[in-house]
Peer 1: 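One structure, as C-alpha coordinates, below. Some questions next.
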Protein chains: 2
Amino acid sequence: MDIQLAVIDDHDLFREGLKLVLNQVEGLHVVYDTSNGLRFLEMLDQVPIDIALMDIDMPGINGIELTERALLQKPDLKVIAVSMFSDTGHYTQMIHAGAKGFVLKKASKFELEQAIRAVHQGGNYFSQEILQKMAFHYTNQAAGCDQLTGREIEIISLICQGLTSQEISERLHISIKTVETHRSNIFQKVGVKNIVGLIMWAIKNQYYSVQ
Amino acid sequence: MDIQLAVIDDHDLFREGLKLVLNQVEGLHVVYDTSNGLRFLEMLDQVPIDIALMDIDMPGINGIELTERALLQKPDLKVIAVSMFSDTGHYTQMIHAGAKGFVLKKASKFELEQAIRAVHQGGNYFSQEILQKMAFHYTNQAAGCDQLTGREIEIISLICQGLTSQEISERLHISIKTVETHRSNIFQKVGVKNIVGLIMWAIKNQYYSVQ
DNA sequence: TTGGTACTAAGGGTTTTCCCCGATCTAAAA
DNA sequence: TTTTAGATCGGGGAAAACCCTTAGTACCAA
(Lines give C-alpha, C1' and ligand atoms only; values in the text may rest on other atoms or scores of the structure.)
Protein backbone atom coordinates (compact mmCIF):
# COMPACT_ATOMS: atom_id res chain seq x y z
CA MET A 1 0.00 0.00 0.00
CA ASP A 2 1.35 3.40 -0.99
CA ILE A 3 1.88 6.11 1.56
CA GLN A 4 -0.98 8.56 1.00
CA LEU A 5 0.21 12.16 0.97
CA ALA A 6 -1.42 15.57 1.03
CA VAL A 7 0.35 18.78 0.02
CA ILE A 8 -0.80 22.09 1.49
CA ASP A 9 1.06 25.03 -0.02
CA ASP A 10 -0.17 28.30 -1.46
CA HIS A 11 2.64 28.41 -4.03
CA ASP A 12 1.00 26.81 -7.04
CA LEU A 13 4.17 26.18 -8.97
CA PHE A 14 5.92 24.56 -6.04
CA ARG A 15 2.91 22.47 -5.07
CA GLU A 16 2.41 21.32 -8.63
CA GLY A 17 6.06 20.38 -8.99
CA LEU A 18 6.17 18.63 -5.64
CA LYS A 19 3.17 16.52 -6.65
CA LEU A 20 4.91 15.37 -9.82
CA VAL A 21 8.18 14.68 -8.05
CA LEU A 22 6.58 12.63 -5.29
CA ASN A 23 4.31 10.64 -7.59
CA GLN A 24 7.42 9.53 -9.44
CA VAL A 25 8.69 7.90 -6.28
CA GLU A 26 7.85 4.22 -5.74
CA GLY A 27 5.50 3.79 -2.81
CA LEU A 28 4.41 7.42 -2.50
CA HIS A 29 1.17 8.86 -3.74
CA VAL A 30 -0.13 12.41 -3.48
CA VAL A 31 -3.87 11.95 -3.09
CA TYR A 32 -4.78 15.52 -2.26
CA ASP A 33 -3.30 18.98 -2.67
CA THR A 34 -4.58 22.45 -2.01
CA SER A 35 -3.53 26.03 -1.45
CA ASN A 36 -6.28 26.50 1.08
CA GLY A 37 -5.84 25.33 4.66
CA LEU A 38 -9.51 25.41 5.59
CA ARG A 39 -10.45 23.32 2.60
CA PHE A 40 -7.86 20.79 3.76
CA LEU A 41 -9.61 20.53 7.13
CA GLU A 42 -12.90 19.86 5.39
CA MET A 43 -11.41 17.11 3.24
CA LEU A 44 -9.49 15.51 6.09
CA ASP A 45 -12.30 13.10 7.07
CA GLN A 46 -13.13 12.13 3.51
CA VAL A 47 -9.75 11.40 1.93
CA PRO A 48 -7.45 8.79 3.50
CA ILE A 49 -4.27 10.72 4.25
CA ASP A 50 -1.25 9.36 6.10
CA ILE A 51 1.05 12.35 5.97
CA ALA A 52 0.46 16.02 5.28
CA LEU A 53 3.31 18.07 3.81
CA MET A 54 2.59 21.53 5.03
CA ASP A 55 3.92 24.98 4.23
CA ILE A 56 4.03 27.37 7.18
CA ASP A 57 3.74 30.85 5.70
CA MET A 58 0.38 30.95 4.00
CA PRO A 59 -2.23 33.67 3.70
CA GLY A 60 -5.33 33.10 5.78
CA ILE A 61 -4.70 30.26 8.17
CA ASN A 62 -1.01 29.49 8.64
CA GLY A 63 0.66 26.10 8.89
CA ILE A 64 1.00 26.22 12.66
CA GLU A 65 -2.65 26.78 13.43
CA LEU A 66 -3.60 24.42 10.63
CA THR A 67 -1.47 21.65 12.12
CA GLU A 68 -3.05 22.10 15.54
CA ARG A 69 -6.56 21.96 14.15
CA ALA A 70 -5.85 19.06 11.84
CA LEU A 71 -4.39 16.96 14.66
CA LEU A 72 -7.34 17.77 16.88
CA GLN A 73 -9.59 16.53 14.12
CA LYS A 74 -7.52 13.49 13.18
CA PRO A 75 -4.97 12.60 15.87
CA ASP A 76 -3.26 9.85 13.86
CA LEU A 77 -2.36 12.23 11.03
CA LYS A 78 1.34 12.92 10.62
CA VAL A 79 2.50 16.38 9.65
CA ILE A 80 5.78 17.35 8.04
CA ALA A 81 6.53 21.05 7.70
CA VAL A 82 8.03 21.98 4.33
CA SER A 83 9.17 25.53 4.76
CA MET A 84 11.31 28.21 3.21
CA PHE A 85 12.65 29.30 6.55
CA SER A 86 14.54 27.53 9.29
CA ASP A 87 14.33 30.15 12.01
CA THR A 88 13.64 29.26 15.59
CA GLY A 89 10.28 30.95 15.66
CA HIS A 90 9.07 28.78 12.83
CA TYR A 91 10.23 25.38 13.93
CA THR A 92 9.54 25.69 17.64
CA GLN A 93 5.99 26.70 16.98
CA MET A 94 5.60 23.92 14.44
CA ILE A 95 6.98 21.27 16.76
CA HIS A 96 4.79 22.55 19.55
CA ALA A 97 1.81 22.27 17.21
CA GLY A 98 2.61 18.60 16.73
CA ALA A 99 4.63 18.33 13.53
CA LYS A 100 6.74 15.17 13.27
CA GLY A 101 9.17 16.53 10.72
CA PHE A 102 10.63 19.73 9.33
CA VAL A 103 12.21 19.90 5.89
CA LEU A 104 13.40 22.99 4.05
CA LYS A 105 12.18 23.81 0.56
CA LYS A 106 15.73 23.78 -0.68
CA ALA A 107 16.03 20.10 0.28
CA SER A 108 16.51 17.42 -2.35
CA LYS A 109 13.76 14.97 -3.24
CA PHE A 110 15.82 12.24 -1.60
CA GLU A 111 15.83 14.08 1.69
CA LEU A 112 12.11 14.66 1.51
CA GLU A 113 11.53 10.99 0.71
CA GLN A 114 13.69 10.05 3.68
CA ALA A 115 11.66 12.34 5.92
CA ILE A 116 8.39 10.86 4.68
CA ARG A 117 9.52 7.29 5.29
CA ALA A 118 10.91 8.10 8.74
CA VAL A 119 7.74 9.82 9.85
CA HIS A 120 5.55 7.13 8.33
CA GLN A 121 7.32 4.53 10.45
CA GLY A 122 6.52 6.53 13.55
CA GLY A 123 9.78 8.44 13.77
CA ASN A 124 10.83 12.05 13.38
CA TYR A 125 12.81 13.86 10.74
CA PHE A 126 14.43 17.25 10.97
CA SER A 127 16.78 18.67 8.37
CA GLN A 128 20.40 19.19 9.26
CA GLU A 129 20.05 22.98 9.45
CA ILE A 130 17.25 22.68 11.98
CA LEU A 131 19.13 20.13 14.04
CA GLN A 132 22.12 22.42 14.22
CA LYS A 133 20.01 25.32 15.43
CA MET A 134 18.38 23.08 17.99
CA ALA A 135 21.76 21.92 19.21
CA PHE A 136 22.96 25.50 19.33
CA HIS A 137 20.05 26.59 21.42
CA TYR A 138 20.24 23.52 23.59
CA THR A 139 23.88 24.04 24.46
CA ASN A 140 23.79 27.81 24.53
CA GLN A 141 20.84 28.08 26.77
CA ALA A 142 19.97 27.25 30.33
CA ALA A 143 17.62 24.38 29.54
CA GLY A 144 14.36 24.78 27.77
CA CYS A 145 13.22 28.35 28.45
CA ASP A 146 12.34 28.88 24.83
CA GLN A 147 9.31 31.01 25.50
CA LEU A 148 9.48 34.75 25.74
CA THR A 149 8.53 36.40 29.01
CA GLY A 150 6.09 39.26 29.29
CA ARG A 151 8.82 41.80 29.80
CA GLU A 152 10.71 40.52 26.79
CA ILE A 153 7.67 40.82 24.56
CA GLU A 154 7.15 44.33 25.87
CA ILE A 155 10.71 45.25 24.96
CA ILE A 156 10.47 43.66 21.52
CA SER A 157 7.55 45.94 20.83
CA LEU A 158 9.46 49.03 21.94
CA ILE A 159 12.52 48.06 19.87
CA CYS A 160 10.26 47.67 16.83
CA GLN A 161 8.90 51.15 17.45
CA GLY A 162 12.40 52.46 16.92
CA LEU A 163 13.33 53.24 20.52
CA THR A 164 16.98 52.93 21.53
CA SER A 165 17.96 51.02 24.66
CA GLN A 166 18.40 54.37 26.41
CA GLU A 167 14.89 55.45 25.50
CA ILE A 168 13.41 52.11 26.50
CA SER A 169 15.11 52.28 29.91
CA GLU A 170 13.58 55.72 30.47
CA ARG A 171 10.16 54.59 29.34
CA LEU A 172 10.17 51.58 31.67
CA HIS A 173 12.07 53.29 34.50
CA ILE A 174 14.78 50.65 34.55
CA SER A 175 18.53 50.68 33.94
CA ILE A 176 19.88 50.64 30.40
CA LYS A 177 21.91 47.62 31.46
CA THR A 178 18.71 45.75 32.24
CA VAL A 179 17.38 46.59 28.81
CA GLU A 180 20.58 45.31 27.26
CA THR A 181 20.30 42.08 29.21
CA HIS A 182 16.75 41.55 28.02
CA ARG A 183 17.90 42.31 24.49
CA SER A 184 20.61 39.67 24.59
CA ASN A 185 18.22 37.12 26.05
CA ILE A 186 15.71 37.88 23.33
CA PHE A 187 18.32 37.49 20.58
CA GLN A 188 19.33 34.12 21.98
CA LYS A 189 15.81 32.85 22.40
CA VAL A 190 14.66 34.04 19.02
CA GLY A 191 17.85 32.99 17.27
CA VAL A 192 18.81 36.21 15.52
CA LYS A 193 22.04 38.14 15.64
CA ASN A 194 20.98 41.75 15.45
CA ILE A 195 18.11 44.19 15.56
CA VAL A 196 17.28 43.75 11.88
CA GLY A 197 16.82 40.03 12.31
CA LEU A 198 14.70 40.64 15.40
CA ILE A 199 12.38 43.00 13.57
CA MET A 200 11.93 40.56 10.70
CA TRP A 201 11.25 37.80 13.18
CA ALA A 202 8.79 39.94 15.13
CA ILE A 203 6.84 40.83 12.02
CA LYS A 204 6.86 37.27 10.74
CA ASN A 205 5.61 35.96 14.05
CA GLN A 206 3.15 38.76 14.48
CA TYR A 207 4.74 40.21 17.55
CA TYR A 208 4.58 43.50 15.69
CA SER A 209 2.53 44.78 12.77
CA VAL A 210 3.80 47.27 10.24
CA GLN A 211 0.56 49.03 9.45
CA MET B 1 10.61 23.66 -32.59
CA ASP B 2 10.25 23.65 -28.83
CA ILE B 3 11.33 26.57 -26.74
CA GLN B 4 14.57 25.45 -25.08
CA LEU B 5 14.66 26.30 -21.38
CA ALA B 6 17.27 26.30 -18.66
CA VAL B 7 16.47 26.37 -14.95
CA ILE B 8 18.97 27.82 -12.49
CA ASP B 9 17.86 27.42 -8.90
CA ASP B 10 19.65 26.14 -5.83
CA HIS B 11 16.46 24.69 -4.36
CA ASP B 12 16.63 21.11 -5.58
CA LEU B 13 13.03 20.25 -4.86
CA PHE B 14 11.68 23.32 -6.63
CA ARG B 15 13.98 22.95 -9.62
CA GLU B 16 13.12 19.29 -10.01
CA GLY B 17 9.41 20.00 -9.81
CA LEU B 18 9.63 22.93 -12.21
CA LYS B 19 11.37 20.73 -14.74
CA LEU B 20 8.60 18.16 -14.60
CA VAL B 21 5.87 20.80 -14.78
CA LEU B 22 7.38 22.57 -17.78
CA ASN B 23 8.16 19.41 -19.70
CA GLN B 24 4.48 18.52 -19.48
CA VAL B 25 3.64 21.69 -21.42
CA GLU B 26 3.35 21.41 -25.20
CA GLY B 27 6.12 23.34 -26.92
CA LEU B 28 8.38 23.76 -23.89
CA HIS B 29 11.46 21.75 -23.12
CA VAL B 30 13.87 22.05 -20.22
CA VAL B 31 17.21 21.15 -21.74
CA TYR B 32 19.42 22.11 -18.83
CA ASP B 33 19.10 22.67 -15.12
CA THR B 34 21.58 23.35 -12.37
CA SER B 35 21.95 24.70 -8.88
CA ASN B 36 25.28 26.24 -9.74
CA GLY B 37 25.45 29.57 -11.54
CA LEU B 38 29.05 29.26 -12.65
CA ARG B 39 28.40 25.87 -14.19
CA PHE B 40 25.55 27.45 -16.12
CA LEU B 41 27.94 30.01 -17.61
CA GLU B 42 30.24 27.19 -18.72
CA MET B 43 27.41 25.31 -20.43
CA LEU B 44 25.92 28.38 -22.05
CA ASP B 45 27.93 28.07 -25.26
CA GLN B 46 27.41 24.34 -25.59
CA VAL B 47 23.68 23.85 -25.00
CA PRO B 48 21.17 25.72 -27.19
CA ILE B 49 19.13 27.73 -24.69
CA ASP B 50 16.44 30.26 -25.58
CA ILE B 51 15.30 31.29 -22.14
CA ALA B 52 16.85 30.95 -18.71
CA LEU B 53 14.56 30.78 -15.69
CA MET B 54 16.65 32.14 -12.92
CA ASP B 55 16.36 32.31 -9.16
CA ILE B 56 17.81 35.43 -7.54
CA ASP B 57 18.84 34.43 -4.05
CA MET B 58 21.47 31.77 -4.44
CA PRO B 59 24.64 31.01 -2.52
CA GLY B 60 27.82 31.87 -4.36
CA ILE B 61 26.97 33.91 -7.42
CA ASN B 62 23.49 35.43 -7.22
CA GLY B 63 20.94 35.75 -10.02
CA ILE B 64 21.67 39.40 -10.68
CA GLU B 65 25.38 39.02 -11.29
CA LEU B 66 24.72 35.77 -13.13
CA THR B 67 22.28 37.47 -15.50
CA GLU B 68 24.78 40.23 -16.26
CA ARG B 69 27.53 37.76 -17.02
CA ALA B 70 25.31 35.43 -19.03
CA LEU B 71 24.06 38.27 -21.25
CA LEU B 72 27.60 39.49 -21.78
CA GLN B 73 28.51 36.02 -22.93
CA LYS B 74 25.37 35.39 -24.99
CA PRO B 75 23.49 38.64 -25.75
CA ASP B 76 20.50 36.94 -27.42
CA LEU B 77 19.72 34.89 -24.32
CA LYS B 78 16.48 35.81 -22.60
CA VAL B 79 16.29 35.75 -18.82
CA ILE B 80 13.18 35.44 -16.68
CA ALA B 81 13.61 35.86 -12.94
CA VAL B 82 11.66 33.31 -10.91
CA SER B 83 11.89 34.57 -7.38
CA MET B 84 10.38 34.10 -3.97
CA PHE B 85 10.33 37.82 -3.38
CA SER B 86 8.69 40.71 -5.16
CA ASP B 87 10.38 43.60 -3.40
CA THR B 88 11.68 46.61 -5.22
CA GLY B 89 15.28 45.87 -4.43
CA HIS B 90 15.08 42.55 -6.19
CA TYR B 91 13.22 43.48 -9.32
CA THR B 92 14.95 46.78 -10.06
CA GLN B 93 18.32 45.10 -9.89
CA MET B 94 17.13 42.23 -12.03
CA ILE B 95 15.64 44.52 -14.67
CA HIS B 96 18.82 46.56 -14.65
CA ALA B 97 20.81 43.39 -15.19
CA GLY B 98 18.79 42.69 -18.33
CA ALA B 99 15.98 40.33 -17.31
CA LYS B 100 12.99 40.36 -19.64
CA GLY B 101 10.54 38.94 -17.16
CA PHE B 102 9.87 38.53 -13.47
CA VAL B 103 7.58 35.83 -12.12
CA LEU B 104 7.03 34.86 -8.50
CA LYS B 105 7.47 31.35 -7.25
CA LYS B 106 3.94 31.32 -6.03
CA ALA B 107 2.70 31.85 -9.60
CA SER B 108 0.69 29.19 -11.38
CA LYS B 109 2.15 27.13 -14.18
CA PHE B 110 -0.17 28.95 -16.57
CA GLU B 111 1.29 32.30 -15.62
CA LEU B 112 4.82 31.01 -16.02
CA GLU B 113 3.92 29.57 -19.41
CA GLN B 114 2.44 32.93 -20.40
CA ALA B 115 5.63 34.68 -19.31
CA ILE B 116 7.80 32.26 -21.28
CA ARG B 117 5.77 32.72 -24.46
CA ALA B 118 5.70 36.52 -24.12
CA VAL B 119 9.45 36.76 -23.61
CA HIS B 120 10.15 34.24 -26.37
CA GLN B 121 8.27 36.47 -28.80
CA GLY B 122 10.47 39.40 -27.86
CA GLY B 123 8.19 40.90 -25.25
CA ASN B 124 8.30 41.37 -21.50
CA TYR B 125 6.37 39.79 -18.70
CA PHE B 126 6.05 40.98 -15.14
CA SER B 127 3.68 39.47 -12.63
CA GLN B 128 0.77 41.53 -11.37
CA GLU B 129 2.34 42.04 -7.97
CA ILE B 130 5.46 43.55 -9.53
CA LEU B 131 3.46 45.80 -11.83
CA GLN B 132 1.48 47.13 -8.90
CA LYS B 133 4.61 47.97 -6.98
CA MET B 134 6.05 49.71 -10.00
CA ALA B 135 2.89 51.78 -10.29
CA PHE B 136 2.95 52.47 -6.56
CA HIS B 137 6.47 53.83 -6.72
CA TYR B 138 5.80 55.73 -9.92
CA THR B 139 2.92 57.64 -8.38
CA ASN B 140 4.66 58.14 -5.06
CA GLN B 141 7.74 59.54 -6.68
CA ALA B 142 5.59 61.88 -8.71
CA ALA B 143 4.22 63.11 -5.39
CA GLY B 144 7.49 64.86 -4.66
CA CYS B 145 9.61 62.84 -2.27
CA ASP B 146 13.29 62.46 -3.07
CA GLN B 147 14.11 59.73 -5.50
CA LEU B 148 16.38 56.89 -4.54
CA THR B 149 19.16 55.82 -6.87
CA GLY B 150 19.67 52.26 -8.01
CA ARG B 151 22.63 51.78 -5.74
CA GLU B 152 20.67 53.11 -2.79
CA ILE B 153 17.81 50.69 -3.41
CA GLU B 154 20.32 47.88 -3.68
CA ILE B 155 21.81 48.83 -0.32
CA ILE B 156 18.41 49.16 1.33
CA SER B 157 17.71 45.60 0.29
CA LEU B 158 20.97 44.36 1.78
CA ILE B 159 20.45 46.28 5.03
CA CYS B 160 17.01 44.70 5.33
CA GLN B 161 18.58 41.28 4.92
CA GLY B 162 20.50 41.98 8.10
CA LEU B 163 23.93 42.66 6.62
CA THR B 164 26.21 45.09 8.43
CA SER B 165 27.96 47.88 6.54
CA GLN B 166 31.10 45.78 6.65
CA GLU B 167 29.35 42.83 5.05
CA ILE B 168 27.67 44.99 2.44
CA SER B 169 30.99 46.53 1.45
CA GLU B 170 32.40 43.03 0.95
CA ARG B 171 29.39 41.86 -1.03
CA LEU B 172 29.53 44.87 -3.37
CA HIS B 173 33.33 45.09 -3.46
CA ILE B 174 33.35 48.71 -2.29
CA SER B 175 34.70 50.53 0.75
CA ILE B 176 32.80 50.51 4.01
CA LYS B 177 32.99 54.30 3.90
CA THR B 178 31.06 54.29 0.65
CA VAL B 179 28.39 52.13 2.21
CA GLU B 180 28.17 54.53 5.15
CA THR B 181 27.79 57.48 2.79
CA HIS B 182 24.97 55.74 0.95
CA ARG B 183 23.40 54.90 4.28
CA SER B 184 23.40 58.51 5.42
CA ASN B 185 21.99 59.68 2.10
CA ILE B 186 19.24 57.07 2.33
CA PHE B 187 18.32 58.12 5.88
CA GLN B 188 18.15 61.74 4.77
CA LYS B 189 16.05 61.04 1.68
CA VAL B 190 13.69 58.65 3.42
CA GLY B 191 13.44 60.78 6.55
CA VAL B 192 14.32 58.25 9.23
CA LYS B 193 16.90 58.43 11.97
CA ASN B 194 18.09 54.86 12.33
CA ILE B 195 18.07 51.39 10.90
CA VAL B 196 14.82 50.40 12.58
CA GLY B 197 13.03 53.33 11.00
CA LEU B 198 14.51 52.42 7.64
CA ILE B 199 13.30 48.84 7.84
CA MET B 200 9.80 49.89 8.82
CA TRP B 201 9.80 52.37 5.96
CA ALA B 202 11.09 49.77 3.53
CA ILE B 203 8.39 47.28 4.48
CA LYS B 204 5.64 49.88 4.47
CA ASN B 205 6.70 51.13 1.06
CA GLN B 206 7.22 47.65 -0.25
CA TYR B 207 10.90 47.99 -0.87
CA TYR B 208 11.28 44.80 1.09
CA SER B 209 9.00 41.86 1.80
CA VAL B 210 9.09 39.98 5.06
CA GLN B 211 8.07 36.56 3.81
C1' DT C 1 12.50 24.85 52.43
C1' DT C 2 14.41 24.56 48.22
C1' DG C 3 14.63 25.31 43.48
C1' DG C 4 13.25 27.47 39.26
C1' DT C 5 11.85 31.62 36.76
C1' DA C 6 11.54 36.45 35.93
C1' DC C 7 13.31 40.83 36.51
C1' DT C 8 16.63 43.58 37.84
C1' DA C 9 21.62 45.49 37.56
C1' DA C 10 26.58 46.08 36.74
C1' DG C 11 31.52 45.79 34.80
C1' DG C 12 34.20 45.93 30.88
C1' DG C 13 35.01 45.06 26.54
C1' DT C 14 34.51 45.14 21.01
C1' DT C 15 31.95 46.29 17.04
C1' DT C 16 28.73 48.94 14.52
C1' DT C 17 26.08 52.84 13.76
C1' DC C 18 25.56 57.47 12.97
C1' DC C 19 27.15 62.11 11.99
C1' DC C 20 30.18 65.62 10.83
C1' DC C 21 33.66 67.06 7.29
C1' DG C 22 35.92 67.11 2.56
C1' DA C 23 37.24 64.95 -1.84
C1' DT C 24 37.81 62.60 -6.67
C1' DC C 25 35.93 60.52 -10.90
C1' DT C 26 32.62 59.68 -14.53
C1' DA C 27 28.84 60.14 -17.41
C1' DA C 28 24.98 62.46 -18.74
C1' DA C 29 22.55 66.76 -19.30
C1' DA C 30 22.09 71.62 -20.10
C1' DT D 1 31.81 73.41 -22.42
C1' DT D 2 30.16 73.72 -18.00
C1' DT D 3 27.13 71.80 -14.71
C1' DT D 4 25.04 68.21 -12.24
C1' DA D 5 24.17 63.76 -10.33
C1' DG D 6 25.76 59.45 -8.92
C1' DA D 7 29.15 56.61 -7.05
C1' DT D 8 33.30 56.32 -4.89
C1' DC D 9 36.57 56.99 -0.60
C1' DG D 10 38.72 58.97 3.51
C1' DG D 11 39.37 60.96 8.77
C1' DG D 12 37.62 61.52 13.17
C1' DG D 13 34.49 61.05 16.94
C1' DA D 14 30.29 60.29 19.84
C1' DA D 15 26.64 57.18 20.55
C1' DA D 16 24.55 52.91 20.33
C1' DA D 17 24.61 48.17 19.80
C1' DC D 18 26.45 43.92 20.92
C1' DC D 19 28.91 40.26 23.87
C1' DC D 20 30.23 37.91 28.12
C1' DT D 21 30.05 37.31 32.86
C1' DT D 22 28.24 37.66 37.44
C1' DA D 23 24.72 38.54 40.85
C1' DG D 24 20.79 40.26 43.96
C1' DT D 25 15.73 40.10 44.75
C1' DA D 26 11.02 38.52 44.58
C1' DC D 27 7.72 35.13 43.75
C1' DC D 28 5.72 30.78 43.02
C1' DA D 29 5.51 25.90 43.35
C1' DA D 30 7.10 21.27 44.45
Side-chain angles (χ1 to χ4, degrees), chain A residues 88 92 136-202 207, chain B residues 64-65 68 88-89 92-93 95-97 141 144-202:
Chain A
T88 313
T92 50
F136 178 83
H137 287 123
Y138 183 76
T139 52
N140 278 43
Q141 223 170 307
C145 52
D146 238 339
Q147 287 196 338
L148 294 163
T149 68
R151 199 56 150 177
E152 284 165 351
I153 292 172
E154 195 175 358
I155 285 174
I156 287 176
S157 175
L158 294 171
I159 290 174
C160 289
Q161 287 167 43
L163 276 68
T164 64
S165 294
Q166 179 68 54
E167 290 165 340
I168 292 172
S169 75
E170 285 161 9
R171 176 81 70 92
L172 300 179
H173 308 295
I174 55 177
S175 157
I176 186 172
K177 274 295 183 183
T178 307
V179 177
E180 286 178 346
T181 302
H182 283 307
R183 250 184 129 112
S184 296
N185 292 337
I186 291 166
F187 286 165
Q188 281 235 315
K189 283 185 181 180
V190 167
V192 299
K193 76 173 174 62
N194 59 27
I195 220 168
V196 181
L198 177 63
I199 290 172
M200 293 305 171
W201 180 90
Y207 279 87
Chain B
I64 293 148
E65 200 182 332
E68 283 168 355
T88 312
T92 50
Q93 287 179 78
I95 291 170
H96 188 254
Q141 282 175 359
C145 65
D146 266 338
Q147 203 165 327
L148 293 162
T149 68
R151 199 57 150 173
E152 284 165 351
I153 291 173
E154 197 174 357
I155 286 173
I156 287 176
S157 176
L158 294 171
I159 290 174
C160 289
Q161 286 168 43
L163 276 68
T164 65
S165 294
Q166 179 69 50
E167 290 166 338
I168 292 173
S169 75
E170 283 161 10
R171 176 82 69 93
L172 300 179
H173 308 295
I174 56 178
S175 157
I176 186 173
K177 274 296 181 183
T178 307
V179 178
E180 286 179 345
T181 302
H182 284 305
R183 249 184 131 111
S184 297
N185 293 336
I186 290 166
F187 286 162
Q188 192 124 42
K189 282 185 181 179
V190 167
V192 298
K193 73 176 175 60
N194 59 27
I195 218 169
V196 181
L198 177 63
I199 289 171
M200 291 308 172
W201 178 91

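Lettering follows sequence order; numbering is per chain, from 1.
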Peer 1: Assess whether side chain to side chain contact (heavy atoms under 4.5 Å, CB included) is satisfied between A:Val179 and A:Leu172, documenting all intermediate values.
Peer 2: CA-CA 9 Å; A:Val179 177; A:Leu172 300 179; 5.5 Å; no
Peer 1: Quickly work out the A:Ile156 CD1 to C:dC7 P distance and round it to whole Å.
Peer 2: 12 Å
Peer 1: Taking atom CG of A:Asn194 and atom CE of A:Met200, what is their separation to the nearest 0.5 Å?
Peer 2: 10.0 Å
Peer 1: At how many degrees, to 10°, do the end axes of the helix from C:dT1-D:dA30 to C:dA30-D:dT1 meet when each uses five pairs?
Peer 2: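 Computed angle between terminal axes is 40°.
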Peer 1: With a non-hydrogen cut-off below 4.0 angstrom, is B:Thr149 in contact with a base, only sugar-phosphate, or nothing?
Peer 2: sugar-phosphate
Peer 1: Roughly, in whole Å, what's the span from CG in A:Asn185 to C1' in C:dA6?
Peer 2: 10 Å
Peer 1: One character per nucleotide, please: for nucleotides 21-28 of chain D, 5' to 3', B when the base has a protein heavy atom closer than 4.0 Å, S when only the sugar-phosphate does, - otherwise.
Peer 2: --------
Peer 1: A:Arg183 has an atom CZ; how far is it from atom P of D:dC20, in whole Å?
Peer 2: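 For the pair A:Arg183 CZ and D:dC20 P, the rounded distance is 15 Å.
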Peer 1: By side-chain contact (heavy atoms from CB on, under 4.5 Å), which residues pair with B:Ile95, not counting sequence neighbours?
Peer 2: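 With sequence neighbours excluded, B:Ile95 shows a side-chain contact (heavy atoms from CB on, under 4.5 Å) to B:Tyr91, B:Phe126, B:Met134, given in chain and number order.
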Peer 1: Looking at DNA chain C, which of residues 157-176 of chain B put a heavy atom within less than 4.0 Å of it?
Peer 2: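 Listed by number, they are B:Thr164, B:Ser165.
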Peer 1: Please confirm whether the shortest side-chain N or O distance from B:His182 to OP1 or OP2 of D:dT8 is below 4.0 Å.
Peer 2: yes
Peer 1: Between NZ of B:Lys177 and OG of B:Ser169, what distance do you get to the nearest 0.5 Å?
Peer 2: 12.0 Å
Peer 1: With 3.5 Å as the limit, what N/O pairs link the protein to nucleotides 11-15 of chain D?
Peer 2:
from: D:dG11; atom 1: N7; to: B:Lys177; atom 2: NZ; distance (Å): 3.2
from: D:dG11; atom 1: O6; to: B:Lys177; atom 2: NZ; distance (Å): 3.2
from: D:dG12; atom 1: O6; to: B:Lys177; atom 2: NZ; distance (Å): 2.6

Peer 1: Pair up each side-chain donor or acceptor in residues 152-168 of chain A with any protein partner under 3.5 Å, not counting sequence neighbours, and list the distances.
Peer 2:
from: A:Glu152; atom 1: OE1; to: A:Thr149; atom 2: N; distance (Å): 2.9
from: A:Glu152; atom 1: OE1; to: A:Thr149; atom 2: OG1; distance (Å): 3.4
from: A:Glu152; atom 1: OE1; to: A:Lys189; atom 2: NZ; distance (Å): 2.8
from: A:Glu152; atom 1: OE2; to: A:Lys189; atom 2: NZ; distance (Å): 3.3
from: A:Glu154; atom 1: OE1; to: A:Arg151; atom 2: NH1; distance (Å): 3.1
from: A:Ser157; atom 1: OG; to: A:Gln161; atom 2: NE2; distance (Å): 3.1
from: A:Gln161; atom 1: NE2; to: A:Ser157; atom 2: O; distance (Å): 3.4
from: A:Thr164; atom 1: OG1; to: A:Glu167; atom 2: N; distance (Å): 3.2
from: A:Ser165; atom 1: OG; to: A:Arg183; atom 2: NH1; distance (Å): 2.5
from: A:Gln166; atom 1: NE2; to: A:Glu170; atom 2: OE2; distance (Å): 3.0
from: A:Glu167; atom 1: OE1; to: A:Thr164; atom 2: N; distance (Å): 2.9

Peer 1: Phosphate oxygens OP1/OP2 of D:dT8: is one of them under 4.0 Å from a side-chain N or O of B:Arg151?
Peer 2: yes
Peer 1: Separation of A:Ile155 atom CD1 from D:dC18 atom C1', in whole Å?
Peer 2: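 The distance from CD1 of A:Ile155 to C1' of D:dC18 comes to 15 Å, rounded to the nearest Å.
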Peer 1: Reckon B:Thr178 has a side-chain N or O less than 4.0 Å from the OP1 or OP2 of D:dC9?
Peer 2: yes
